[in-house]
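Quick caveat: nothing in here was measured; it's all calculated off a predicted structure.
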Amino acid sequence: MCGIVAIYGRSAVNQSLYDALLVLQHRGQDAAGIVTCEDNVLHLRKANGLASDVFQTRHMLRLRGNMGIGHVRYPTAGCSSSAEAQPFYVNSPYGITLAHNGNLTNVDELKQDLFLEDRRHINTSSDSEVLLNIFAHELAAQDKLQLTEREVFQAVAGVHKRCKGGYAAVAMIIGYGVVGFRDPHGIRPVVFGSRETDQGREYMIASESVALDTLGYTLERSLRPGEAVYIDMRGQLHTMQCAANPVLSPCIFEFVYFARPDSVIDDIFVHKARSRMGKRLARKILREWPGHDIDVVIPIPDTSRTAALALADELGVAYTEGFIKNRYIGRTFIMPGQTARKKSVRQKLNAINLEFRGKNVLLVDDSIVRGTTSKQIVQMARDVGANKVYFASAAPPVRYPNVYGIDMPAATELVAHGRSEDEVRKLIGADKLIYQDLNDLIRAVQKKGKTCIQCFDTSVFSGEYITGDVSPAYLRQLELLRNDGAKQGKDDVECSVVGLHNAS
């Protein structure tokens with residue numbers, strides 16, 4: 001999962017890009033990058049680490065120009081080498097730089113086509129570089145000395161014809177402007193908006209609306225599936241549908257876990273969706289366990305708070321905060337190795353024994369992925385005196401890997417893969433386990449009559465991949481790349497690639 005941003009401004013955009021990346025930091029902590037354009041010259045800074053560590057005053061001073069793009073990353077493919085930090089750049093045609101969120105499911109085929117037919121060299125193992133080169137080739141195929149919005153949109157249409165998977169991207173074409181586009185299924189989120197200044201109107205494209213909010217931009221809307229938005233050098237906004245048969249099918253896990261609760265994605269308020277998840281989960285408890293003996297509902301911070309509060313209210317049970325989070329420890333979900341993940345849980349959370357002692361506690365989390373964190377948290381609750389420990393997940397069992405840009409573990413490392421709910425309960429050590437039903441999750445997010453979403457990508461729960469090109473062979477290969485042994489190998493061996501040198 002990654003965060004992307006692009007700004008066309010009337011004055012320097014370096015600070016705004018940096019501020020936007022801080023807001024989107026939850027989408028990736030592996031690397032960060034910004035590239036700006038001044039008088040047709042690019043200024044680039046990218047490196048491994050958090051945005052606050054990557055960008056120092058000396059870097060910001062060099063990031064001159066009134067348009068640029070930015071990226072925060074964690075690796076869903078390839079390695080975590082700084083050579084794979086984004087944005088990427090190609091000099092032909094025009095000079096193009098691009099940042100991407102998502103995953104191309106036909107990347108191996110595209111790499112071969114780029115080499116054999118397009119005569120383009122790929123320098124890293126990142127599919128974002130592949131996407132950039134496909135876009136560059138499609139722009140070159142327009143065979144125009146001067147670009148108009150027509151050629152830009154035709155190039156995006158060419159990307160959609162060749163690329164499969166989930167992707168949201170921003171690009172900057174030197175001398176022409178900034179572009180944003182979204183895959184024909186709208187799997188990964190991207191929004192755009194504007195603000196009025198004394199010098200004129202400015203535009204921003206970003207992964208989530210919260211980035212626009214904090215910088216004073218007014219949200220226009222989410223890009224539609226297959227749609228592109230282009231802001232030219234005169235500051236004129238152009239939009240066009242560039243896909244033949246778009247079907248809006250956003251990733252439902254964005255609403256469960258990844259997106260910030262104060263974001264709006266495809267006209268859905270994430271906070272409201274999570275609140276409805278909690279209410280529907282409570283109703284399931286009341287249906288299936290009407291004589292429950294829950295004394296208190298305690299969320300596992302931070303993502304589950306909204307759902308847990310709504311659940312407690314619907315049950316008529318007390319809600320309290322029982323865990324204190326150390327905010328200087330990274331998300332365990334995206335750590336590269338199981339050893340580091342296990343070590344970090346007790347560093348990350350500390351239980352308040354007063355809230356647990358002698359009580360029957362219902363712990364609420366947004367989801368259960370590996371189960372290792374859940375198991376340790378259940379044990380923490382017992383260690384501080386809980387009488388009984390029940391566990392509720394605002395999402396259904398995660399049984400299948402994600403192929404559209406979320407670096408979920410290999411299928412065999414998912415605790416619910418091939419196991420019944422009771423087997424999962426025993427593994428995490430809970431006295432009772434309650435999962436959300438998939439239909440209830442869909443209803444909670446969709447809120448019938450309020451959105452235009454025809455369907456969601458629910459592949460991590462259902463195993464149904466909406467792009468229709470995910471074969472058992474592809475999933476087997478994914479298993480080899482994502483298991484902890486493979487990731488440990490990537491941690492131990494530095495990736496041997498030659499990256500674009502950037503300012504230090």
Side-chain angles (χ1 to χ4, degrees), residues 2-25 27-73 81-91 94-101 124 126 128-129 132 169-180 190 192-195 197-208 211-212 214-217 231-233 235 499-504:
C2 301
I4 57 174
V5 60
I7 297 178
Y8 173 88
R10 304 290 180 172
S11 58
V13 296
N14 52 353
Q15 185 67 52
S16 292
L17 288 167
Y18 173 77
D19 291 343
L21 293 185
L22 292 182
V23 174
L24 296 173
Q25 189 75 81
R27 301 188 68 86
Q29 301 90 40
D30 179 69
I34 290 175
V35 60
T36 58
C37 187
E38 176 197 43
D39 297 329
N40 292 341
V41 175
L42 294 181
H43 305 284
L44 170 68
R45 168 63 181 171
K46 61 179 182 177
N48 279 5
L50 299 174
S52 58
D53 297 324
V54 169
F55 303 103
Q56 304 301 317
T57 301
R58 66 181 187 276
H59 306 126
M60 297 297 289
L61 291 172
R62 294 168 186 165
L63 292 171
R64 300 182 299 272
N66 71 336
M67 68 176 184
I69 64 176
H71 188 264
V72 287
R73 172 189 189 265
S81 164
S82 60
E84 295 202 356
Q86 297 183 43
F88 286 115
Y89 168 76
V90 290
N91 64 359
Y94 314 109
I96 308 167
T97 183
L98 177 142
H100 159 234
N101 173 32
T124 71
S126 172
S128 302
E129 189 186 10
L132 167 59
V170 290
M172 182 167 58
I173 308 170
I174 296 175
Y176 290 97
V178 295
V179 185
V190 61
F192 71 98
S194 65
R195 68 182 180 188
T197 70
D198 292 340
Q199 293 81 26
R201 187 167 290 275
E202 299 180 327
Y203 292 93
M204 177 189 281
I205 308 165
S207 290
E208 294 184 34
L212 280 69
T214 56
L215 272 77
Y217 286 79
I231 301 100
D232 64 29
M233 295 300 289
L500 177 69
H501 291 288
N502 61 90
S504 61

With a cut-off of 3.5 Å and sequence neighbours excluded, list every side-chain donor-acceptor pair involving residues 3-14.
residue, atom, partner, partner atom, Å
Y8, OH, M233, O, 2.9
Y8, OH, G235, N, 3.4
R10, NE, R201, O, 3.0
R10, NH2, R201, O, 3.4
N14, ND2, M60, O, 2.8
N14, ND2, L63, O, 3.4

Indicate the atoms forming the closest heavy-atom contact of [X] with [Y], along with that distance.
X   : Y    : answer
N48 : A31  : OD1-CB, 3.7 Å
M67 : G177 : SD-CA, 3.9 Å
L22 : S52  : CD2-N, 4.2 Å
T36 : M172 : C-CE, 4.0 Å

Enter the distance from [X]:[atom1] to [Y]:[atom2] here, rounded to the nearest 0.5 Å.
X   : Y    : atom1 : atom2 : answer
L61 : H43  : CG    : NE2   : 12.0 Å
E84 : T124 : CD    : OG1   : 4.5 Å
C37 : I69  : SG    : CD1   : 10.5 Å
I96 : I174 : CD1   : CD1   : 9.0 Å
E38 : R62  : CD    : CZ    : 13.5 Å

- Task: With side chain to side chain contact (heavy atoms under 4.5 Å, CB included) as the test, would you mind laying out the steps for V178 and V170 before giving the verdict?
- Result: CA-CA 7 Å; V178 295; V170 290; over 6 Å; no
Residues passing the side-chain contact (heavy atoms from CB on, under 4.5 Å) test with Q25, sequence neighbours excluded, are Q29, L50, A51, V72
- Item | Pairing residues for R195 by the side-chain contact (heavy atoms from CB on, under 4.5 Å) criterion, not counting sequence neighbours |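 side-chain contact (heavy atoms from CB on, under 4.5 Å) check on R195 returns S16, T197, E202, L215, Y217.
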| task | Please report the C-alpha distance between I231 and I205 in whole Å, then the side-chain angles of each, then the deciding distance to 0.1 Å, and finally whether the side chain to side chain contact (heavy atoms under 4.5 Å, CB included) criterion is met. | result | CA-CA 10 Å; I231 301 100; I205 308 165; 4.1 Å; yes
Check whether any side-chain heavy atom of [X] sits under 4.5 Å from a side-chain heavy atom of [Y], and report yes or no.
X    : Y   : value
K46  : H71 : no
T214 : D19 : no
L98  : F88 : no

- Message: Assess the residue pair V35 and Y89 against the criterion (side chain to side chain contact (heavy atoms under 4.5 Å, CB included)); give the C-alpha distance rounded to whole Å, side-chain angles, the decisive distance to 0.1 Å, and a yes or no.
- Response: CA-CA 9 Å; V35 60; Y89 168 76; over 6 Å; no
For a side chain to side chain contact (heavy atoms under 4.5 Å, CB included) check, start with the C-alpha distance between R45 and I34, then their side-chain angles and the critical distance, and finish with the verdict. CA-CA 6 Å; R45 168 63 181 171; I34 290 175; 5.6 Å; no
> Can you check whether A99's main-chain N or O pairs, donor with acceptor, with S128's side chain at less than 3.5 Å?
Replying inline: no
